[in-house]
Amino acid sequence: MTQFVIVGAGLLGTSIAYRLAERGHIVTIVERDHPGAGTSGSSFAWTNANEKTPYNYHLINALGMRAHRELENEFGARPWFHGGGAVEWRSNAHEAQELDERVERLIGWNYAAEWISPDRLHRLEPALARDASGDAKIAYFSDEGWVDPSVYIEFFLGKARDLGAKLRRETVTGVDLSGDKVTGVRTASAKTISADVVVNCTGRWANDLGQDVRLTFPLAPTIGLLVVTAPAHSGVRRVVRTSAVNMRPDGAGRIMLHSEHDEQAFTLESSSHDTYPAALAMIERASRIYPGFAGARPEAMRLSHRAIPGDGVSAVGPVPEVSGYYAAVTHSGATLAPWLGQVVAAELAGESANDALQDFRPARFFGRQTQPSAPARKPQHV
């Protein structure tokens, strides 16, 4: 049996931990806070391959969506997943053109994308204002949905622990090496946790596990702002994306809102006092689309540092300068988690390497592998 230490108990870390424990390996998950406290817990968590380019990046996200569906066959239920698809329209001319091009591209890639009528939009979302979409074309992506990260993490962490995996609440301060071989991790409490393999699932903190340059690669994290309303009878049923605001249900009558236009002025040090005006502005714009939002108040504003490798796409695989060190860093964790859990565990267990990950290895940052086959467009960060 191989002894694995997984750093980070988010969507990816708990997925990989379960699949390794399922194979009979010794698994220790190390989390400095509570499970899901990092980016996973402050994510819009929209499951999609919608805006993901180039094609090879779209493909692995489509595989992630399929893996989410297969979890229901495996476990009989997936209480963390909420389907119903996503609807989108754009009132801004430039954004509308981009949506036109995107829908055409996705149809060509055999993705579930179509144009629908205003009448069908209102059957899907009866609480919408009658003129909500105006004259804009309306796109519907029926296979999309959203994930409740806390429910997902609790489920897979529980499954992993049932199989013997351990969770340790520690801050990892460095990776122990013997020459170019990993031997474990050091913690802030001056303890050492031995490992044959360390799997870094810390997202935007991936380069914080020590000062050894061999363990680092370029990251380009961005700030995200999410607003969660107090319970309100807004009537939002699914992911809804517009030029004004994006929204989805968040459980118990709460709605999660996001808008890229409202987050550029903030840092992780911004307080709720700083973000409150932006939250009110998002709710006001949402109320023009869903009259039920009128009078809703923000219950929480969440700022996160999104995990984005330097070239905008995922970095998953061994770091070439060190034996026994594996990174899994992606902005698409909510979509990719169940698929990466399977394929990363299989690879780490020596079973097989998945060809779909070929262009996403960290080795590309070390001159060991070519860049992805087409330039990656900067993702829409939700």
Side-chain angles (χ1 to χ4, degrees), residues 43-53 57-69 72 78 80-92 95-96 98-129 132-134 136-149 152 224 226-229 234-251 254-260 282 285-286 289-290 293 331-338 377 379-382:
S43 168
F44 195 69
W46 167 38
T47 57
N48 75 95
N50 191 310
E51 296 178 321
K52 311 299 174 64
T53 58
Y57 190 43
H58 166 87
L59 174 62
I60 65 171
N61 280 273
L63 292 170
M65 294 170 69
R66 185 171 73 184
H68 273 289
R69 293 192 292 271
E72 185 165 12
R78 46 176 181 166
W80 55 84
F81 185 82
H82 304 268
V87 292
E88 180 176 354
W89 66 90
R90 298 289 168 175
S91 55
N92 174 284
E95 293 176 352
E98 187 279 327
L99 179 59
D100 266 348
E101 295 168 355
R102 178 160 31 100
V103 169
E104 181 179 359
R105 178 177 70 244
L106 290 171
I107 291 172
W109 288 349
N110 296 315
Y111 192 74
E114 61 180 309
W115 298 109
I116 62 173
S117 68
D119 284 345
R120 187 174 176 197
L121 171 65
H122 284 276
R123 288 196 296 273
L124 291 169
E125 291 290 313
L128 277 170
S133 57
K137 295 171 68 176
I138 305 154
Y140 179 46
F141 309 99
S142 59
D143 287 346
E144 297 177 1
W146 61 277
V147 167
D148 185 326
Y152 183 103
L226 297 172
V227 175
V228 179
T229 70
S234 65
V236 179
R237 294 183 172 183
R238 55 183 45 75
V239 175
V240 178
R241 304 180 69 240
T242 76
S243 293
V245 65
N246 306 318
M247 62 202 89
R248 67 160 174 81
D250 198 42
R254 295 172 174 84
I255 303 297
M256 180 176 285
L257 306 175
H258 167 263
S259 169
E260 293 151 10
M282 277 193 222
R285 294 198 301 273
I289 302 170
Y290 285 86
F293 266 113
H331 173 54
S332 302
T335 300
L336 290 174
R377 181 172 60 84
Q380 296 292 314
H381 302 303
V382 297

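FYI, side chains are in, hydrogens and waters are out, and symmetry mates aren't considered; it's all heavy atoms of this structure. Keep in mind that this is a model prediction, so the values were computed, not measured.
- Looking at residues two or more places apart in sequence or on another chain, you find a side chain to side chain contact (heavy atoms under 4.5 Å, CB included) between A337 and L11, L12, S15, Y152.
- Atom CD of E144 and atom CG of N48 lie 5.0 Å apart (nearest 0.5 Å).
- Considering all non-hydrogen atoms of both residues, A132 and W89 come closest at O-NE1, 3.5 Å.
- A distance of 5.0 Å separates CE of M256 from CG of L226, quoted to the nearest 0.5 Å.
- R90 places a side-chain N or O within 3.5 Å of a backbone atom of T242 that can act as its donor or acceptor partner.
- The shortest heavy-atom contact between S133 and I138 is OG-CD1, 3.6 Å.
- Side-chain contact, E88 with Y140: no donor N or O sits under 3.5 Å from an acceptor N or O.
- When all heavy atoms are compared, the tightest approach of L124 to R238 is O-NH1, 2.5 Å.
- Contact between W146 and D250 at its shortest, heavy atoms only, is CH2-CA, 4.1 Å.
- For the pair W46/E51, a side-chain contact is recorded, criterion being any heavy-atom separation below 4.5 Å from C-beta on.
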Verdict with reasoning, L128 to L121, per side chain to side chain contact (heavy atoms under 4.5 Å, CB included): CA-CA 9 Å; L128 277 170; L121 171 65; 3.6 Å; yes

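- S234 contributes atom OG, which lies 7.5 Å from atom OH of Y290 (distance to the nearest 0.5 angstrom).
- With contacts defined as side-chain heavy-atom distances shorter than 4.5 Å, the pair K52/S332 qualifies.
- Heavy-atom minimum distance, G235 versus A127: CA-CB, 3.7 Å.
- Considering CD of E104 and CD of E101, their distance stands at 8.0 Å, rounded to 0.5 Å.
- For R66, the salt bridge (charged side-chain N to carboxylate O under 4.0 Å, His left out) partners at least two apart in sequence or on another chain are E70.
- Contact annotation: the side chain of F141 approaches that of R102 to within less than 4.5 Å [non-hydrogen atoms, C-beta and beyond].
- Of the inter-residue distances, the one linking I116 atom CD1 with R123 atom CZ reads 8.5 Å to the nearest 0.5 angstrom.
- Relative orientation of the H58 and Y111 rings is perpendicular, given thresholds of 30° and 60° on the angle between their planes.
- If you take OG1 on T53 and CZ on R105, they are separated by 6.0 Å, rounding to the nearest 0.5 Å.
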- [ ] Would you check, one step at a time, whether the test side chain to side chain contact (heavy atoms under 4.5 Å, CB included) holds for D100 with W115?
- [x] CA-CA 10 Å; D100 266 348; W115 298 109; 3.2 Å; yes

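- Looking at T229, its side chain does come within 3.5 Å of a backbone N or O of I255 through a donor-acceptor pair.
- Contacts of R78 classified as side chain to side chain contact (heavy atoms under 4.5 Å, CB included), with partners at least two apart in sequence or in another chain: H68, R69, E72, W80, F81.
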With side chain to side chain contact (heavy atoms under 4.5 Å, CB included) as the test, would you mind laying out the steps for N246 and F44 before giving the verdict? CA-CA 9 Å; N246 306 318; F44 195 69; 4.2 Å; yes

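- Judged purely by atom type and a 3.5 angstrom limit, S117 uses its side chain to pair as donor or acceptor with the backbone of R120.
- Annotation for A49 and L106: closest pair O-CD2, 3.9 Å, computed over non-hydrogen atoms.
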### Residue pair F293, L257: steps toward the side chain to side chain contact (heavy atoms under 4.5 Å, CB included) verdict
CA-CA 11 Å; F293 266 113; L257 306 175; 3.9 Å; yes

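- Taking the side chain as every heavy atom from C-beta outward, M65 and D143 approach each other to under 4.5 Å.
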